[in-house]
Amino acid sequence: MEAKKFIEREVEEIKKTVGSGRAISALSGGVDSAVATILAHKALGPQLKIVFIDHGLMRENEPQEVKVAFQRLGIELEIVDAHNEFFQALRGKVDPEEKRKAFRYAFYKVFGREVLKSKAQFLIQGTIAADIIETKGGIKTQHNILEQIGIDPEKGFGFKVIEPLKELFKHEVREVGKALGLPEHMYKRMPFPGPALATRIIGEVTPERVALVRKATKIVEEEVAAFQPFQAFAVLMNDMGTGVVEGKRKFGHIIIVRSVESQDAMTAQPTPLPWDVLTKIARRITEEIPAVVRVAYEITSKPPATIEYI
Ligand code: XMP
């Protein structure tokens with residue numbers, strides 16, 4: 001794939017498909033939706049409305065960072081605060097697929113409202129090849145695959161879906177992002193799943209538990225930055241573990257640190273992070289988040305484990 005040719009071709013294709021109509025795109029903070037949105041913006045300019053649905057499961061400061069990064073590219077977007085709706089949908093759910101479904105349902109409810117408001121006839125989605133392969137293979141339901149919720153993508157909610165990246169793998173999406181002028185920290189950014197921090201919480205997703213995993217994620221991202229792993233993050237376990245603090249036994253949370261190397265997310269190997277980096281991560285997490293008493297490093301490849309935990 002030659003990035004420049006791909007961009008020219010897709011921009012033309014989007015222009016042709018949308019004509020004088022209107023389109024809408026939802027940004028997730030990840031590289032896929034960013035690249036799909038910039039392609040669509042290039043093709044459509046003011047005919048495209050861009051929304052960022054803030055579901056309360058983002059990494060620290062993510063909505064604001066994305067807004068500023070897009071403003072620097074001369075692209076305006078609207079942040080939609082939907083914390084309550086998502087936490088309500090996720091309340092009491094512990095089964096991984098149930099959580100994915102709840103997230104997806106809330107997403108389409110909120111996004112559906114924005115689509116209606118925008119009067120768009122076209123939806124831009126950052127679906128990439130791996131999403132389609134894994135969903136068809138029955139490995140998991142990706143939230144951005146409309147067929148999974150019984151919506152015919154040709155018809156949508158009466159809308160047509162445009163997926164300009166559906167034949168690309170992650171490294172190709174990054175090349176396109178670079179050629180589109182995305183800043184390096186954005187096109188090199190680690191992949192981040194649609195259901196966001198919900199994929200990194202075993203058990204119930206509550207605002208308190210999201211806050212824990214968000215803080216731990218920030219520490220992991222800071223400490224591994226120099227190694228540029230494909231993806232690195234923190235996961236919150238459901239059970240509590242025993243610790244000892246100032247001579248007293250204390251039950252606290254358990255955080256798993258996951259860092260993997262991969263080309264396209266279809267297979268992955270654990271990153272051989274130096275021991276001092278790992279122990280520093282453990283020290284920082286337990287010091288800066290006193291509710292956590294144990295930190296473990298995951299050493300499983302994909303397969304058999306997936307990268308995310310749900
Ligand atoms: P897994 O966990 O399946 O992840 O090994 C493979 C890659 O896909 C990302 N991922 C998702 N991305 N919606 C997304 O947009 C999802 O539901 C989803 N689940 C996993 C994951 O972060 C990894 O890069």
Side-chain angles (χ1 to χ4, degrees), residues 25-37 52-53 55 57-59 62 66 86 89-90 93 95-108 111 123-149 161 163-166 168-174 177 186-202 205 213 217 220-221 224 228-235 256-271 298-310:
S25 180
L27 282 173
S28 73
V31 63
D32 304 343
S33 65
V35 170
T37 302
F52 186 102
I53 295 172
H55 39 57
L57 297 152
M58 295 291 173
R59 287 167 290 189
E62 196 155 16
V66 172
F86 278 83
L90 287 161
K93 308 260 182 336
D95 176 79
E97 279 298 301
E98 286 287 304
K99 287 196 284 192
R100 278 181 174 272
K101 278 190 193 132
F103 185 94
R104 200 167 50 219
Y105 181 74
F107 185 86
Y108 277 104
F111 187 46
L123 309 182
I124 309 294
Q125 293 227 35
T127 315
I128 67 170
D131 299 336
I132 294 172
I133 294 165
E134 297 224 322
T135 299
K136 292 210 168 124
I139 297 168
K140 65 175 57 154
T141 49
Q142 294 277 353
H143 91 281
N144 52 358
I145 305 289
L146 294 173
E147 289 103 319
Q148 292 293 316
I149 52 171
V161 177
E163 294 174 315
L165 313 179
K166 67 176 183 292
L168 304 192
F169 284 95
K170 201 65 159 196
H171 61 282
E172 296 172 315
V173 176
R174 292 192 202 285
M186 281 193 72
Y187 72 75
K188 281 201 174 158
R189 189 156 206 192
M190 296 175 196
F192 191 58
L197 296 177
T199 63
R200 296 163 184 184
I201 292 177
I202 304 295
V205 178
V213 86
T217 297
V220 173
E221 285 193 355
V224 304
Q228 297 195 348
F230 177 79
Q231 214 167 347
F233 51 87
V235 181
I256 305 274
V257 176
R258 178 108 165 111
S259 178
V260 294
E261 300 310 317
S262 178
Q263 271 292 310
D264 52 20
M266 300 295 290
T267 60
Q269 295 76 43
T271 310
E298 151 124 43
I299 50 170
T300 324
S301 295
K302 172 182 180 177
T306 52
I307 295 175
E308 305 291 344
Y309 265 58
I310 75 165

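Start at 1 and go down the list; that is how both ligands and their atoms are numbered. Source: prediction; values computed, not measured.
In terms of heavy-atom proximity, K170 sits nearest to V31 at CE-CG1, 3.8 Å.
The P195 neighbourhood of ligand 1 comprises atoms 13 (N), 16 (C), 17 (O), with distances under 4.0 Å to a heavy atom of that residue. Contact atoms of ligand 1 toward P191: 24 (O) (distance under 4.0 Å to a heavy atom of the residue). Residue contact check: G194 has heavy atoms under 4.0 Å from atoms 12 (N), 13 (N), 14 (C), 15 (O), 16 (C) of ligand 1. Close contacts between ligand 1 and K302 involve ligand atoms 1 (P), 3 (O), 5 (O), 6 (C) [criterion: under 4.0 Å to a heavy atom].
Between H55 and F103, the two ring planes are perpendicular [angle over 60°; tilted spans 30° to 60°].
Under the 4.0 Å criterion applied to side-chain N and carboxylate O atoms, E298 and R258 are assigned as salt-bridge partners. Here E62 pairs with R189 in a salt bridge; the nearest charged N to carboxylate O distance falls below 4.0 Å.
Within a 6.0 Å sphere centred on CZ of F169, other residues, nucleotides and ligands contribute more than 12 heavy atoms.
Not a single heavy atom of K170 lies less than 4.0 angstrom from ligand 1.
Residue-level proximity to ligand 1 for Q231 is carried by the side chain, the only part with a heavy atom below 4.0 angstrom.
Using modelled atom types and a 3.5 Å distance limit, the side chains of S301 and Q269 yield no donor-acceptor pair.
At a 3.5 angstrom cut-off on N or O pairs, T199 does not count as close to ligand 1. Not one N or O of I310 is nearer than 3.5 Å to an N or O of ligand 1, by distance alone.
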